[in-house]
Each structure stands twice: as structure tokens, then as C-alpha cells.
2 protein chains.
Amino acid sequence: MSTPRWLDEDEQRAWRAYMRMQGRLTAHLNRRLQADSGLSLADYEVLVLLTDVPDGRLRPFEIQRGLDWEQSRLSHHLSRMQRRGLIAREECAEDGRGALVVLTDEGRRAIGAAAPGHVETVRRVVFDGLSEEEVTALERLSSRVLDRIETTGTPDPPAAGRESRDHGRDG
Amino acid sequence: MSTPRWLDEDEQRAWRAYMRMQGRLTAHLNRRLQADSGLSLADYEVLVLLTDVPDGRLRPFEIQRGLDWEQSRLSHHLSRMQRRGLIAREECAEDGRGALVVLTDEGRRAIGAAAPGHVETVRRVVFDGLSEEEVTALERLSSRVLDRIETTGTPDPPAAGRESRDHGRDG
DNA sequence: GCGGAATGCATGACGCATCATCTATGTTGT
DNA sequence: ACAACATAGATGATGCGTCATGCATTCCGC
């Protein structure tokens, strides 16, 4: 790592713009969601996964992979959601170690109430301002970076070593 | 808000890719930085601002605007950084309410040690994988979204109402 | 079928982010 | 000069994210 390859001017501008944008965007989405429906963005994403499956029932590790979260984050988060009545936990019949996360009626109601507003917000602050090409660019660019993170010689706790090349259907 | 304008397929793919990427990216950067130098990304950004100014001295509100942070987040964060000896606080002569954040020697050492590695990480996971056009796209796209957040009819605590249209020099 | 590794999940400690609120100083209008 | 208000900053409570660790159960080689 001799003399560091600093970012050139364009890269620097892009980087700062990105960093600033991403901070504000998540903050914004979180606040809107919280104010409109009492859910956090994290709650929302968990609930989406659960509603996407017929019986509203998922194994924690499925959610974990679906969202690319750390295991312990999910566990803690599920506890909080459980406390608030958005989900429930059941024992898993097929795997003695396992658990099952179940969407409660309250959870279903909450996500149903939150979704339209949230999508509208996302649309307004993001997609309504982007051209088709920019949307494509965003997707390609994100996938590229994601790939590089997973390929970089850094274990990076979630999906460690190099053996778990599946994370198949991501919705 | 009659029937919500859901995201079409491309938008949805882009959105999921972005969300997943951004989560992983910040986590990745944070971990690398933490492991290599004991700094968090937040520490790093504060220190960068301080080193960019000749005497290593800034008013909290300047940092706040430079980073687009919430005031109380900054205040708490400064306290922690102070506790760790990265910065110090002084009283402000010109404004009795004010404070001054001063970069300590330890802070200067820390950022100096951290910077090369961090930049290298950013380069590796982001810029080395993007074409020039994609870098430009990233910048435009981020600025656009940022703009829309600030223009959307949502107060959004930091930089409230509509009167503080300055946040001038951000570089 | 037994011992070791891997997997699925939970938990406690701790740093971080936000909200609401508080104090003190500065500014402005009358 | 003073009341009303704005600005700079700090603080406590609380929810969130990560790390390290713990503990079952299941899997696998012998």
C-alpha cells in the first residue's frame, strides 16, 4: 500500500454526494415511516418478507438471508417486534434448534397501513427524480459494489468464508 | 393518495439492490475502519473536517452543517470522541453560547494513520469497480435525490423549514 | 453410535442515533 | 430597556446495531 491512491476530484465529489445522500435518505425514510405508521424501516422490511410468503411464517435464518442482516441484529429486532405484537415466535417442528417467526394480525394490519405511504415516499424522493437510465445505473452500480464487497478479501462476518454462494431467490 | 403507484419491476430491483448495497457498504466500511484503526466512520468524518481547516478548530455547528448531522447526534458524538482523547472542547471567545472543537495530537495521529487504508478500501469496493460514467451517474443521482429530500414538503428536522438555503461550501 | 464440527438462535454489554427538553446567550422590535 | 424570539449547545431516556459469547441440536467422519 505504498502511497495511497487518493480519490480524484470527480470521485471525491461522487463519494461525498453519495455519503450525504444515503445518510439523509435513510433518516428521511425512517422518520416518515415512523411518523405515519409507527414502524421503522427495519420493521417494514421484516414485515414485507413475512407478507410475501403464503402463511406469514418464516425461519429467522431465511429473513436474515433475505435482508442480509447480521444474525444477532435480527434476533434482537425480532424480540422488539414481538414485544410490540407485530410478530410472534413459534417452535419449529422440523428442526429442533429452529424457531418460526409468525406474522400476527396486528403485524399484517401495520404493514398494510404503512405500505402505500412508504412506497409513495420512496417514489417521490427517489424514482420520480430519476430517468430510466439512471434507475438502471443505480441497479447496476449497486450490484457491482455489492459484488465487490462480497469478493474483497475481507471475511466480513455475514456470509463468511467463500462457501455460501447461494443467497438464491432474493424476492 | 388513491391507489398507490407501486414500483415497477425495474424500480423494485434497483431499490432492493440499493438498499442491500448501502447496508452492506456502511457495515463493511465501518468494520474495516474499526479493525484497522479503532475509528468509526463517524469519527473519521469528523476528523476529516477538522484536519481540513488550518488550525484544527471548528465550531460544532460548522461540523454539523458540513456533515449534515443532527445537532444532538453531533453533541453526543463529540462527547465520546472527547472522552477518547481525539478532540477537545474549548470555549468560544466571539460567541458566549458557542464552543470550539479542537483536534488533539492524538486525533491528528489517528486520522493520519486511518486515512490511507480507508481510502484504499473505498477505492477497492466502490471506484475500482465503476466506470467513469457510472461515477458521474452516482454523483448526479445522489445530488438529485438529496435535492428532492430537501424540497419535499416534509420539515425533516435538520435544516428545517425553507430558510436555511445555504450549507455553502461543502468541500 | 460417538466425538467433533457446524448450524440456528438468544443474550448481555456497549457504543451509536433520535427525541424531547433544557440552559444560556444573542438578536430584534417597540 | 425589555420582552419575544432565535440560535448554540448539552443532556437523559430509549430504541437500535455489533461484538462476544453461550447453548442447544443436527450433521458427518470414523
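Just so it is clear, the structure is predicted and the values come from calculations on it, not from any experiment. First the proteins, then the strands, lettered A, B, ... as listed; each starts at 1.
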Using atom types as modelled and distance alone, determine if a side-chain donor or acceptor of [X] lies under 3.5 Å from a backbone N or O of [Y].
X: B:Arg148; Y: A:Arg124; answer: yes
X: A:Arg5; Y: B:Val119; answer: no
X: B:Asp43; Y: B:Ser40; answer: yes

Once you round it to whole Å, what is the distance between [atom2] of [N] and [atom1] of [X]?
X: B:Phe61; N: C:dT25; atom1: CZ; atom2: P; result: 17 Å
X: B:Gln64; N: D:dT7; atom1: CD; atom2: C1'; result: 11 Å
X: B:Leu58; N: D:dG9; atom1: CG; atom2: C1'; result: 15 Å
X: A:Arg65; N: C:dC9; atom1: CZ; atom2: C1'; result: 12 Å
X: A:Gln82; N: C:dC9; atom1: CD; atom2: P; result: 14 Å
X: A:Leu67; N: D:dC16; atom1: CG; atom2: P; result: 15 Å
X: A:Arg89; N: C:dT11; atom1: CZ; atom2: P; result: 7 Å
X: B:Leu33; N: D:dG17; atom1: CG; atom2: C1'; result: 17 Å

Would you say B:Phe61 and B:Val53 are hydrophobically clustered, going by side-chain heavy atoms of ILVMFWY under 4.5 Å?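 No, it is not one cluster - the side chains of B:Phe61 and B:Val53 are not joined through contacts under 4.5 Å.
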
Let's test your reading of the model: under 3.5 Å, does the base of D:dA8 pair with the side chain of B:Gln71 as donor and acceptor?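 Flag unset: no donor-acceptor pair detected.
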
Show your working on side-chain hydrogen bond (donor to acceptor under 3.5 Å, both in side chains) between B:Ser142 and A:Arg16 and close with a plain yes or no. CA-CA 9 Å; B:Ser142 300; A:Arg16 296 211 192 196; over 6 Å; no

Hey, which sits more toward the 5' end of DNA chain D by its nearest nucleotide, A:Ala93 or B:Pro60?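 Counting from the 5' end, the first nearest nucleotide belongs to B:Pro60.
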
A:Ile111 to A:Val48 - nearest heavy-atom pair and separation: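 Scanning both residues, the minimum pair turns out to be CD1-CG2, 4.0 Å.
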
Nearest 0.5 Å, what's the CD1-CG distance between A:Ile87 and A:Leu50?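 Reported to 0.5 Å precision, the distance equals 7.5 Å.
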
All pairs passing ring pair (Phe, Tyr, Trp, His ring centres under 6.0 Å) where residues 96-147 of chain B contributes a residue, at least two apart: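 Residue pairs passing ring pair (Phe, Tyr, Trp, His ring centres under 6.0 Å), neighbours aside: B:Tyr44-B:His118.
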
Do any pairs count as a ring pair (Phe, Tyr, Trp, His ring centres under 6.0 Å) and have a residue in residues 85-106 of chain B, sequence neighbours left out, and if so which ones?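 As it turns out, there is no ring pair (Phe, Tyr, Trp, His ring centres under 6.0 Å) pair with a partner in residues 85-106 of chain B once direct neighbours are skipped.
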
Using the C1' atoms of the five pairs at each end, what is the angle between the end axes of the helix from C:dG1-D:dC30 to C:dT30-D:dA1, to 10°?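 End axes: 30° apart.
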
Contacts under 3.5 Å, N or O only, protein and nucleotides 16-18 of chain C:
unit_1 : atom_1 : unit_2  : atom_2 : d
C:dC16 : OP2    : B:Arg80 : NE     : 2.7
C:dA17 : OP1    : B:Arg73 : NH2    : 2.9
C:dA17 : OP2    : B:Arg73 : NE     : 3.3
C:dT18 : O4     : B:His76 : NE2    : 3.2

For A:Arg123, side chain to side chain donor-acceptor pair (under 3.5 Å) partners two or more places apart: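 With sequence neighbours excluded, A:Arg123 shows a side chain to side chain donor-acceptor pair (under 3.5 Å) to B:Glu11, given in chain and number order.
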
Does the side chain of B:Arg59 come within less than 4.5 Å of B:Val101's, by heavy atoms?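 No, side chains not in contact.
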
What are the residues of residues 94-111 of chain A, sorted by number, that bring a heavy atom to within less than 4.0 Å of DNA chain C?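 When residues 94-111 of chain A is checked for heavy atoms under 4.0 Å from DNA chain C, the hits, listed by number, are A:Arg97, A:Gly98, A:Ala99.
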
